[in-house]
Amino acid sequence: MSIFGLRTSNPAFNRYFWRKQKTYSKSKMSISGIIFKSFAMLTLVGITATYTWRLFFAGVEVKWYTTIGMFVAIVCSLFISFKHSSAKYLLPIYAVAKGFFLGGISAYAHNRFPNLPFQAIAVTITTFFVMLFLYRLKLIRVTREFRAIVITASATIFLFYFIGWVLWFLKIDVPILWGTSWFAIGFNIVAAIIASFSLLLDFYYIDRQVGRYPKEREWLATWGLLITLIWLYVEVLRLMRKLAIRF
C-alpha cells in the first residue's frame, strides 16, 4: 500500500527517488559512506547552531536567523525532492540553514529552561540507537501495514503543521499546536512517536538500497536521515518545553 506514490514517510526514500536507472558506475552505496556524510552534515548543523546560540546570548536578536534558516531549508528540500542529483550540492546548504533554525529555537528554550535542549539531544540520540537496535534485531518488523500507518500519520501531522503555520502568519492561534494544554501535549507525544517510527522506515529503505544504487545516492540517504532526526529533535524539544511549563 502506498500513499501519493510514497512508500515511506520520508520524501527522500520514496519510489521516485529510488527508481531504477541505468548506470555504469562500479561504486555503490555503502553504510560507511552514509555514516560519514551524516556525521559531516550534522557537524555543519552543530557549527551554525552554536553560532546562532552564541549570538542569542550575546544579546543579538536571532529571530531572522531562525526564520530565514527554516525557509532556506524548505527551499533546499523542495529542490532536492524534484531534482535528486542536486542533493550533494544542496545538502550542505540545507544543513547550515537547519543549524541556524535549530540554534535559534534551542537558545530560546535554554534561556527559559536551562539545559532543556541538551536533554532533548540526549533523548534524540538515545531514540535513534534504540530504533536501530529494534530494527536490526527485527523486534519491530517493517511490514506493508506498518509503513502505511506511519505514512498516513506523518502526512496528517505535516498537514496540521502546514495549516498551523499559515494560520500563525495570519495571527490566528492554534492551541493544539502551540499551546500547553493536555491535548497539545498529546499531539506532541504522538508526533514524537511517529518521528521515531519513521527512523525504522528509513533504516529499512537504506538497507534495501545499499550495494545496489550508485554511490552518489548516499547524499539522498543522508538527507533523509537528517530530515527525520531533526524532526524528532524538534518534537522532543517542544514536548519537553510544554511539560516544563505545565509542571
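Not measured: the values here are computed from a predicted model.
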Can you measure from [atom1] ([X]) to [atom2] ([Y]) and round to the nearest 0.5 angstrom?
X	Y	atom1	atom2	value
His84	Trp223	NE2	CH2	11.0 Å
Leu90	Ile80	CG	CD1	5.0 Å
Ile189	Glu235	CD1	CD	11.0 Å
Met131	Leu201	CE	CG	11.5 Å
Phe71	Cys76	CZ	SG	13.5 Å
Ile206	Leu199	CD1	CG	9.5 Å

Check: [Y] and [X] side chains under 4.5 Å, non-hydrogen atoms:
X	Y	value
Leu229	Tyr233	no
Trp178	Asp173	yes
Pro214	Met29	no
Phe113	Met240	no
Lys88	Lys37	no

Discussion item. Checking side-chain polar atoms at under 3.5 Å, does Arg112 have a donor or acceptor matched by the opposite partner on Tyr108?
Written reply: no

Item to complete: For the residue pair Tyr65 and Thr48, confirm or rule out a side-chain donor-acceptor distance under 3.5 Å.
Response: no

Worksheet item: Are the ring centres of Phe158 and Trp231 closer than 6.0 Å?
Response: yes

Discussion item. Could you check, using the six-membered ring where one of them is a Trp, whether His110 and Phe56 have ring centers closer than 6.0 angstrom?
Written reply: no

Worksheet entry | Whether over 12 other heavy atoms sit under 6.0 Å from Arg141 CZ | no

Worksheet item: Hey, any chance Leu78 and Trp165 share a hydrophobic cluster, counting ILVMFWY side chains that come within less than 4.5 Å of each other, even indirectly?
Response: yes

Worksheet item: Honestly curious: do Phe36 and Leu225 fall in one hydrophobic cluster under the side-chain, below-4.5 Å linking rule?
Response: no

Discussion item. Please verify the inter-ring angle class for Phe57 with Trp53; under 30° counts as parallel, over 60° as perpendicular, anything in between as tilted.
Written reply: tilted

Item to complete: Can you label the angle between the Phe187 ring and the Phe160 ring as parallel, tilted or perpendicular, going by 30° and 60°?
Response: perpendicular

Item to complete: Give the C-alpha distance, both sets of side-chain angles, the deciding distance and a yes or no for side-chain hydrogen bond (donor to acceptor under 3.5 Å, both in side chains) between Ser85 and Glu216.
Response: CA-CA 8 Å; Ser85 61; Glu216 67 178 13; over 6 Å; no

Worksheet item: Can you name the one residue among Tyr135, Phe203, Phe133 that meets ring-ring contact (aromatic ring centres under 6.0 Å, His included) with Phe128?
Response: Phe203

When the side chains of residues 118-125 are checked against the rest of the protein, which donor-acceptor pairs come out under 3.5 Å, sequence neighbours left out?
residue : atom : partner : partner atom : Å
Thr124  : OG1  : Ala120  : O            : 2.8

Practice prompt. Please report the closest heavy-atom contact between Thr52 and Gly99, naming both atoms and the distance.
Written response: OG1-O, 4.3 Å

